[in-house]
Amino acid sequence: MLFRSTLYPDMRETLRAALWANVQYKRLDKPFKLLDGASALLPKTAEAADLQAAIQLTLPQIQKFMSDKHLEWRTMVSNQLEATMQTRLEANLLTSDANGFISMNFDKSLLALFSEVHYWERLHFEIPFVAMELASQREKYRLLRENVLLVVRDYNKILQALDPEERKLFAERIHYLDRRINPGIHKLNWTAAKNVLDYFIREARKYCKEVYEMVLDYKAGNDKILRNCKAITETLLVRIVKKKIYMEGEFEEAQKEHREMVSAKFDAAHKDMKATLAITHETFASDSDEVQGEWVKYTKKVDKKLEEALRQTVKRSLQELSRALNGDKKTEVVPMFNVQTVLFRDKRVELKPSVQDLFNLIHNISRELITVIKVVPRLSDAATDETGTALPSFYDSISTDEDTTLKTIVSIDNGITNIVEKTQMFVTFWEKTYKHVWEQDKEAYIRRYEKARKPLSAFEGDITKYKDLADEVMSEDASTNMLFLRIDCGPLKQSLINHCETWVTKFTGLLNTTAHNELKSLYDYFESNVKALEKPPMNLEDLAENVNLLKKLVAEQEETEARFEPMLEKYKLLEKFEVQISEAEVSMVERSEERRVGKECRSRW
């Protein structure tokens with residue numbers, strides 16, 4: 001019976017049972033005939049005789065079963081359908097449900113009768129006249145049903161495309177369409193004249209097409225608005241290039257350019273949405289006050305979606321900036337801004353730009369990125385809330401929203417504040433280690449140094465100290481990463497090296513001056529005495545003066561020689577530290593050495 005219930009489910013039980021019985025009859029009859037035809041070639045067995053008896057008993061019973069079912073069907077047709085045939089055909093073409101959808105209203109019993117007549121004929125059973133007469137119009141009613149179903153499909157797909165709120169907006173369009181559909185629901189039946197039915201179907205489909213095209217235009221406009229809202233949501237108001245280090249002023253300029261680009265994009269999107277709404281409203285411009293009220297609700301709904309899109313992009317943009325400064329569970333803070341360590345006016349170590357400058361910059365950018373949405377006014381010039389109060393602008397509403405804006409801006413500010421202590425420790429290290437290099441007055445110190453007549457070893461120690469200090473500065477890290485900062489120590493290192501080199505220059509300059517003064521003193525000593533001894537005596541007094549001068553020079557020989565060694569040691573030290581000495585000074589050193597120990601004086605004498 002399971003087979004019978006699943007076969008031909010649209011037919012009555014009597015036909016399904018007869019068709020099932022016919023299948024069983026063929027399953028028994030055909031194999032038995034083949035077996036009986038080959039019986040002369042098969043051995044005689046008791047089972048063969050039993051099979052033949054069973055078949056001869058079963059097949060007639062199956063035929064009787066099919067005849068009984070046919071009789072039941074004929075009785076049903078006579079008792080149930082024959083008297084009501086005309087009434088069933090006079091049913092209206094369409095029906096509608098509580099949700100407004102329509103469906104074809106062709107009697108299911110008559111629809112089943114078409115198939116039943118076909119299959120009873122195939123089983124070679126007699127068909128009642130009334131059933132045969134109806135079945136002869138099977139093709140006519142099939143075409144009519146298909147055309148009616150086209151109307152049903154056209155009408156229902158309009159309702160399916162609209163949600164309850166949109167149906168209210170299209171109320172007059174649907175009412176206009178219902179007037180074209182109502183004849184099929186209340187007047188026309190399956191026996192109506194062909195030209196009347198054709199006209200109804202043609203007109204109904206034409207008006208369905210017109211309304212559906214209006215719905216598609218509305219949907220296309222709505223989708224266009226949603227795409228603009230999505231584009232706004234996905235557009236960040238801040239542009240941070242991954243792994244890029246921004247130099248001073250570069251980040252501010254990049255954000256300014258990005259805001260200008262986004263402003264133009266938002267302005268174009270708003271104009272597009274405004275134009276789309278204007279075009280869509282033309283469909284409902286002449287409709288009733290109720291429809292105009294629904295249109296106002298629709299514009300408020302679109303306005304709310306636009307506000308939400310702007311709110312989301314502001315929130316995402318601020319979170320992107322906060323993530324770059326503070327990081328999160330998935331994002332590690334990497335250097336983003338380049339600051340230089342400088343020696344400000346030879347007084348203190350500073351960061352340029354300072355942390356306060358960065359704080360002001362980022363805080364201002366956080367605020368300014370929100371101003372981009374000022375280019376997006378509300379879509380409705382008379383936008384009001386439920387109480388009739390005019391709604392604030394998108395900017396006023398979003399910029400003061402605690403969850404969207406204020407909390408994230410506070411998080412950004414805190415992220416910058418958290419780095420203050422680290423940078424202060426960094427600056428303190430440099431000042432504590434190298435402050436003595438730039439703090440002391442070099443000129444005053446050198447003057448004191450000169451008056452103190454420091455020994456040559458003191459010069460060598462001080463010059464070496466500052467040269468070593470310059471090497472120590474050079475070995476310091478050129479840059480340091482500190483959260484979102486990359487601190488460039490190059491300018492400070494160069495300033496410190498310059499100070500060290502200045503100290504070295506001051507010491508070597510003083511040493512060179514001292515050595516030159518001593519050299520010049522010796523040179524003048526030799527020159528004046530040589531000139532005096534070279535002058536021929538004119539009388540006994542001149543001769544006596546020359547003799548006394550020579551005796552004096554011989555007596556001062558050891559003292560004069562003692563002055564050479566310290567002077568030459570100074571020049572050797574200058575040579576050691578690669579101090580450039582003028583050629584004239586080098587020549588004087590060489591000439592002075594030639595006259596050492598009074599050799600020239602004695603040879604000339």
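The chain is numbered in sequence order, starting from 1. Note: hydrogens, waters and symmetry copies are ignored here, and every other heavy atom, side chains too, is used.
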Trainee: Do W430 and L492 come close enough that some side-chain heavy atom pair is under 4.5 Å?
Mentor: yes

Trainee: Taking side-chain contact (heavy atoms from CB on, under 4.5 Å) as the test, write out the residues that go with P491, two or more places apart.
Mentor: Q340, V342, D488

Trainee: Would you give the length of the straight line joining atom CZ of F507 to atom CD1 of I463, rounded to the nearest 0.5 angstrom?
Mentor: 7.5 Å

Trainee: Are F359 and Q356 side-chain neighbours, meaning at least one heavy-atom pair lies under 4.5 Å?
Mentor: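 Side chain of F359 against side chain of Q356, heavy atoms only: contact under 4.5 Å found.
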
Trainee: Please determine whether salt bridge (Lys or Arg N to Asp or Glu O under 4.0 Å) holds for the pair E320 and K242, giving the CA-CA distance in whole Å, both sets of side-chain angles, and the decisive distance to 0.1 Å.
Mentor: CA-CA 11 Å; E320 180 75 9; K242 300 297 182 183; 3.5 Å; yes

Trainee: Give me the atom names and distance for the closest heavy-atom approach of K442 to V437.
Mentor: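 Closest heavy-atom pair between K442 and V437: NZ-O, 3.8 Å.
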
Trainee: Would you say the side chain of I370 lies within less than 4.5 Å of the side chain of I409, judging by non-hydrogen atoms?
Mentor: yes

Trainee: So, the side chain of N364 versus the backbone of N360: is there a donor-acceptor pair under 3.5 Å, distance only?
Mentor: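 Between the backbone of N360 and the side chain of N364 there is a qualifying donor-acceptor contact (under 3.5 Å).
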
Trainee: Is it true that a side-chain atom of N418 and a backbone atom of N414 form a donor plus acceptor pair closer than 3.5 Å?
Mentor: yes

Trainee: Ring centres under 6.0 Å, that's the criterion: do Y449 and F459 meet it?
Mentor: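 Aromatic pair counts; centres sit under 6.0 Å.
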
Trainee: Once salt bridge (Lys or Arg N to Asp or Glu O under 4.0 Å) is applied, what residue pairs with a partner in residues 493-511 remain, sequence neighbours excluded?
Mentor: E443-K506

Trainee: My understanding is that only residues two or more places apart in sequence, or in another chain, count here; which of them pass side-chain hydrogen bond (donor to acceptor under 3.5 Å, both in side chains) with D471?
Mentor: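 Residues passing side-chain hydrogen bond (donor to acceptor under 3.5 Å, both in side chains) with D471: none at all.
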
Trainee: Establish, from distance only, whether the side-chain atoms of S495 and N498 form a donor-acceptor pair under 3.5 Å.
Mentor: no

Trainee: Is the shortest side-chain heavy-atom distance between L351 and T423 below 4.5 Å?
Mentor: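 A side-chain contact exists here, since the closest heavy-atom pair is under 4.5 Å.
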
Trainee: Atom CG of L236 and atom CG of L321: how far apart are they, to the nearest 0.5 Å?
Mentor: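 Answer for the CG-CG pair, L236 versus L321, is 10.5 Å.
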
Trainee: Does R239, at its CZ atom, have more than 12 non-hydrogen atoms belonging to other residues, nucleotides or ligands within less than 6.0 Å?
Mentor: no

Trainee: Look only at the side chain of K274 and the backbone of L379, and say whether a donor-acceptor pair between them is shorter than 3.5 Å.
Mentor: yes

Trainee: Please list, chain by chain and in numerical order, all residues satisfying side-chain hydrogen bond (donor to acceptor under 3.5 Å, both in side chains) with K244, sequence neighbours excluded.
Mentor: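 Result, side-chain hydrogen bond (donor to acceptor under 3.5 Å, both in side chains) vs K244: E250.
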
Trainee: Can you tell which of Q255, Q319, E368 makes a side-chain contact (heavy atoms from CB on, under 4.5 Å) with V238?
Mentor: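 Looking at Q255, Q319, E368, the match for V238 under the side-chain contact (heavy atoms from CB on, under 4.5 Å) is Q255.
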
Trainee: Might you confirm whether atom NZ of K304 has over 12 heavy atoms from other residues, nucleotides or ligands at distances under 6.0 Å?
Mentor: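 Atom NZ in K304 is not packed in, count stays at 12 or less.
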
Trainee: Ignoring hydrogens and geometry, is there a side-chain-to-backbone donor-acceptor pair from K219 to A161 under 3.5 Å?
Mentor: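 Yes: the side chain of K219 pairs with the backbone of A161.
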
Trainee: What residue among K265, K224, R227 forms salt bridge (Lys or Arg N to Asp or Glu O under 4.0 Å) with D272?
Mentor: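 Checked K265, K224, R227 against D272; only one passes salt bridge (Lys or Arg N to Asp or Glu O under 4.0 Å): K224.
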
Trainee: For K454, enumerate each residue passing the salt bridge (Lys or Arg N to Asp or Glu O under 4.0 Å) test, keeping only those at least two apart in sequence or located in another chain.
Mentor: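 Checked K454 against salt bridge (Lys or Arg N to Asp or Glu O under 4.0 Å); zero matches.
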
Trainee: Distance check, rounded to the nearest 0.5 Å: K435 atom NZ versus L496 atom CG?
Mentor: 13.5 Å

Trainee: Which value, rounded to the nearest 0.5 Å, describes the distance between F426 atom CZ and E421 atom CD?
Mentor: 15.5 Å

Trainee: How about CE on M247, more than 12 heavy atoms from neighbouring residues, nucleotides or ligands closer than 6.0 Å, or not?
Mentor: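 More than 12 heavy atoms, drawn from other residues, nucleotides or ligands, come within 6.0 Å of this atom.
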
Trainee: Is any side-chain heavy atom of T280 less than 4.5 Å from a side-chain heavy atom of D217?
Mentor: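 They are not in contact (no side-chain heavy atoms under 4.5 Å apart), so the answer is no.
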
Trainee: Go through the steps to decide whether Y395 and L310 satisfy the test side-chain contact (heavy atoms from CB on, under 4.5 Å), and finish with yes or no.
Mentor: CA-CA 9 Å; Y395 173 78; L310 293 171; over 6 Å; no

Trainee: I would like to know whether T405 and D401 meet side chain to side chain donor-acceptor pair (under 3.5 Å); could you show each step before the answer?
Mentor: CA-CA 6 Å; T405 307; D401 184 83; 5.5 Å; no

Trainee: Suppose we screen for side-chain contact (heavy atoms from CB on, under 4.5 Å). Which residues come up paired with L226, at least two apart in sequence or across chains?
Mentor: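 If we apply the side-chain contact (heavy atoms from CB on, under 4.5 Å) test to L226, skipping adjacent residues, the hits are N222, D223, K305.
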
Trainee: Quick check against the 3.5 Å criterion: does S411 have a side-chain atom that pairs as donor or acceptor with the backbone of K407?
Mentor: no

Trainee: What ring pair (Phe, Tyr, Trp, His ring centres under 6.0 Å) pairs are there with at least one residue in residues 294-321, not counting sequence neighbours?
Mentor: Y218-Y298, H281-W295, F284-W295, W295-Y298

Trainee: Less than 4.5 Å apart, any side-chain heavy atom of L469 and any of W503?
Mentor: no

Trainee: Partners of K297 by side-chain contact (heavy atoms from CB on, under 4.5 Å), sequence neighbours excluded?
Mentor: E294

Trainee: For E252, which residues count as a side-chain contact (heavy atoms from CB on, under 4.5 Å) partner, sequence neighbours excluded?
Mentor: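 E252 satisfies side-chain contact (heavy atoms from CB on, under 4.5 Å) with L361 once adjacent residues are dropped.
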
Trainee: Find out whether H270 and P377 are in side-chain contact, i.e. whether some heavy atom of one side chain is under 4.5 Å from a heavy atom of the other.
Mentor: yes

Trainee: Please name all residues satisfying side-chain hydrogen bond (donor to acceptor under 3.5 Å, both in side chains) with D267, sequence neighbours left out, ordered by chain then number.
Mentor: K271

Trainee: Roughly how far apart are L318 CG and S366 OG, rounded to 0.5 Å?
Mentor: 6.0 Å

Trainee: Can you sort out the partners of E307 under side-chain hydrogen bond (donor to acceptor under 3.5 Å, both in side chains), two or more places apart, ordered by chain and number?
Mentor: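 For E307 the side-chain hydrogen bond (donor to acceptor under 3.5 Å, both in side chains) partners, ignoring immediate neighbours, are R311, S397.
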
Trainee: Would a distance-only check, ignoring hydrogens and angles, find a side-chain to backbone donor-acceptor pair under 3.5 Å from E431 to T428?
Mentor: no

Trainee: Any chance you could lay out the salt bridge (Lys or Arg N to Asp or Glu O under 4.0 Å) test for E460 and K576, step after step, and finish with the verdict?
Mentor: CA-CA 10 Å; E460 184 175 11; K576 174 183 176 181; 2.5 Å; yes

Trainee: What distance separates R323 CZ from I412 CD1, expressed to the nearest 0.5 Å?
Mentor: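 The distance works out to 11.0 Å.
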
Trainee: Do the non-hydrogen side-chain atoms of K315 and D403 ever get within less than 4.5 Å of each other?
Mentor: yes

Trainee: Between L369 and L237, which heavy-atom pair has the shortest distance, and what is it?
Mentor: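 Heavy atoms only, the tightest pair is O-CD1, 3.3 Å.
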
Trainee: Would you list the atom pairs, donor with acceptor, under 3.5 Å between side chains in residues 476-487 and any protein atom, with sequence neighbours excluded?
Mentor:
from	atom 1	to	atom 2	distance (Å)
E476	OE2	Y434	OH	2.7
R486	NE	N338	OD1	3.1
R486	NH2	N338	OD1	3.0

